[in-house]
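Please read the structure below before turning to the comments.
Nothing here was measured: the structure is a model prediction, and the numbers come from that model. Each chain gets a letter, A, B and so on, in the order the sequences are listed, and its residues count up from 1.
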Number of protein chains: 2
Amino acid sequence: MFPSHSRLPVPADPADHTECIVVREILDRVGDKWSVLVIALLGQRSQRFNELRRQIDGISQRMLTLTLRQLERDGLVLRTVHATVPPRVDYALTPLGESALEPLNGLIGWAAEHGTDIAEARLRYEEAQADAAAG
Amino acid sequence: MFPSHSRLPVPADPADHTECIVVREILDRVGDKWSVLVIALLGQRSQRFNELRRQIDGISQRMLTLTLRQLERDGLVLRTVHATVPPRVDYALTPLGESALEPLNGLIGWAAEHGTDIAEARLRYEEAQADAAAG
DNA sequence: CTGCATCCTCGTCGATACTG
DNA sequence: CAGTATCGACGAGGATGCAG
């Protein structure tokens, strides 16, 4: 969370401390390992648990469950249980979740576009470090 | 990082695994506690170390140093040392750093706009949980 | 198939003390 | 003023086993 005294240059009321906290919480969600990927996948189409699991190579059952719970809790994802046998659970984005796709894709787009710039910057940095150590 | 087999629905070449990794790394940066705030503050004007420190209530000296180092390493922030006494170090956004402001503000704007929606969703969720437990 | 509980590891962050 | 070094606490996340 942003500490309550600090400010974020958001368009809206910069004096509102609550807003900073809210923003920090959401940014935290963006930062955690799987949330954005899950949102992006559900943005394509609604899917079942193991359908997601198979697409997200490397995710543990536990983390997929936790991630989906959190997204459900935040109102970004809708969980639908079908009382069939075997049980079937569908996950879909809510309208709120869909509204997140746009800013998220903005960020993802930026990342994809400037990824090489960053990689190059890192190389230059390492180089400079090596020079400093050698010199 | 995104596992190398998973895909992100970015406009550009979805088959490129490297892109996923790069995107995940950048998303991680967004998620860490202080980076976005530092970028936002430097977006207003370039600032000195303790100038930033004072504005970011709650940050430790260590974390501000680490955060700035990482942003410098990634080419988002430029560090300028003035050989005066006492020493003076200025931090400023690079053009790359400034280019990040737009997507970042997009996300921050979304968060600010939908923060109450999320808060409400959480209340409803807790409520439903309580009902389930009681019923 | 979907999901919870447990254990354990590892990285991140804060506190503190010290340096140029 | 602007760092670096070290230590400890904490929590995210993976592995595994069990349940509805």
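For B:R53 and D:dG3, the CZ to C1' distance is 11 Å, given to the nearest whole Å. Put simply, CG on A:L64 is 17 Å from P on D:dA12, counting in whole angstrom units. B:D90 places its CG atom 12 Å from the C1' atom of D:dA2, with the value rounded to the nearest Å. In this structure, CG of B:L52 is placed 13 Å from P of D:dC1, rounded to the nearest angstrom. The interatomic distance linking B:H82 (NE2) with D:dA2 (C1') rounds to 13 Å, in whole Å. Rounded to whole Å, atom P of D:dC10 lies 14 Å from atom NZ of B:K33. Per the geometry, CZ belonging to B:R54 stands 12 Å off C1' belonging to D:dA2, to the nearest Å. Computed from coordinates, the A:R69 CZ to D:dA12 P distance equals 17 Å when rounded to whole Å.
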Find every protein N or O atom lying less than 3.5 Å from an N or O atom of nucleotides 15-20 of chain D, and list the pairs.
none

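If you check the side chains of A:Y91 and A:R79, you find a donor sitting under 3.5 Å from an acceptor.
Contact footprint of chain A on DNA chain C: nucleotides with an atom under 4.0 Å from a non-hydrogen protein atom, first to last in 5' to 3' order, C:dC1 to C:dT6.
Considering only side-chain N and O atoms, B:Y91 lies under 4.0 angstrom from the phosphate OP1 or OP2 of D:dG3.
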task: Could you please spell out the steps behind the side chain to side chain contact (heavy atoms under 4.5 Å, CB included) verdict for B:T67 and B:Q70?
output: CA-CA 5 Å; B:T67 300; B:Q70 189 139 49; 5.9 Å; no
- request: In sequence, state the C-alpha distance, the side-chain angles, and the governing distance for A:I56 and A:W34, and then conclude on side chain to side chain contact (heavy atoms under 4.5 Å, CB included).
  value: CA-CA 9 Å; A:I56 309 177; A:W34 310 108; 3.6 Å; yes
Chi angles and distances behind the side chain to side chain contact (heavy atoms under 4.5 Å, CB included) call for A:R54, A:F49: CA-CA 9 Å; A:R54 273 189 298 272; A:F49 187 88; over 6 Å; no
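Considering only the side chain of B:T65, D:dT4 comes nearest among D:dT4, D:dC1, D:dG13.
By the 6.0 Å contact criterion, CD on A:E126 is enclosed, its count of non-hydrogen atoms from other residues, nucleotides or ligands being greater than 12.
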